[in-house]
Amino acid sequence: MQAADRTKNVKYAIRDIAVLAKQVAKKKKVISLNIGDPNRFDFRTPPHLVNAVTKAMKQNKNFYADSMGEEEAIDAIADYHRKAGINVLNSDILVTMGVSEAIGLCIGAFFNRGDNVLIPRPSYPVYSAYLNLYEVGQKFYTLNEEANWNLDLKDIEKNITEKTKAIVVINPNNPTGAVYDKQTLKDLVNLAGQHDLLIFADEIYDELILEGKMYHIAALSKEVPVVTFNGLAKNFMAPGWRVGWAAIKDLGKMKEAKDALFQLARARLCAVTPQQYAVKPALEGNRKHLVEAKKKLRNRRDIVYKRINEIEGLSMKKPSAAFYAFPKIHIKMDDKEFATRLLEEEGVAVVHGSGFDMPEHFRIVYLAQEQLLNEALDKIESFVKRNRS
Ligand code: PLP
């Protein structure tokens, strides 16, 4: 049987590299700097969350959840956003199977063929994947590497067309690790208002700030509707639980779209149930795990930043949040070849920049312990040295 045409452009380079890494691992040791999964390294889900999920299972909360999410989780999510200055009602929250599902459902519910959505370049590939699947157009705005990967409002404006319905802002950013300042975000909200754009604010790394301050876009917006995405995967080190959500600040402008979203949500039944019982203890509980996690991440970020910039043929900007760096390749080698050969010849897995729609770069995940990270950086260094001509 043939594949449907709409699947042809659905790509997710991060997982594609993982497939190759698995093959290479049969022959040699592979150091994985390719997947942003803290639990594959020395980060653990806080025990009080594991206890909450275990308790829910033991109490037989193994039934189908409400399609919008369990009441306890929704209450906690709405409260968390209200405390951050984002005015949402409980009925504005949808609990999903990770942020990925929330993104897919919102794209499916809000946009038609012929519409387009502005996404950043470098981009996080789930947006492209779902836009392609639903045959919605995509336009890129380019993040400004020279300005530490900041938003470039002029470039954003240049790429808005009559068909542009929304803009995606990932803050803190994957793959660059940038955090945007308040004024830039306010200017972005104004621009969105002028062009009647909905904002998708992907804030899944909002508690993993290593330097600077995080501002929630929805809290800065008085007139522009904002859908904020967040979840337990990163801040609470539980990516395999698949718990995320969308919080819709609709300002009375999105009733029809929201109804469509909730209809799609009902059609997929519900998100996982027992794991939703970790949401309240997560959002209302202590953040002890983050103190240790951020200390480790700062050290590892500093190692990567120093060592990559010492390698002739590579350069990178300093990430301020999350656990990603996005170095530039200055040697004469295509980024896909760079990632493939680095994996095959040195056993180091990174993701090529074109997987994020930005060639001449690659993404490093700096979650690995220092010794392993240094080992990987030694290998990257000798690979670049060998191929510098
Ligand atoms: N959004 C961004 C920016 C991400 O980096 C990721 C995962 O890496 C996701 C969404 C997906 O999150 P989830 O695991 O909750 O589906």
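First listed ligand is number 1; within each ligand, the first listed atom is number 1.
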Salt bridge (charged side-chain N to carboxylate O under 4.0 Å, His left out) between R287 and E207: does it pass, once the steps are laid out? CA-CA 9 Å; R287 300 292 202 271; E207 298 204 32; 2.7 Å; yes
For ligand 1, protein residues within the heavy-atom limit of under 4.0 Å are G98, V99, S100, Y124, I170, N174, D202, I204, Y205, A233, K234, R242, Y324
Between F362 and H352, ring centroids under 6.0 Å: no
Mutual orientation of the aromatic rings belonging to Y127 and Y124 [parallel < 30°, tilted 30-60°, perpendicular > 60°]: perpendicular
Which residues pass the side chain to side chain contact (heavy atoms under 4.5 Å, CB included) test with S382, sequence neighbours left out? E346, R386
Tell me if the aromatic rings of Y305 and Y366 count as close, with their centers under 6.0 Å from one another. no
N171 side chain to D202 side chain, donor-acceptor N/O pair below 3.5 angstrom: no
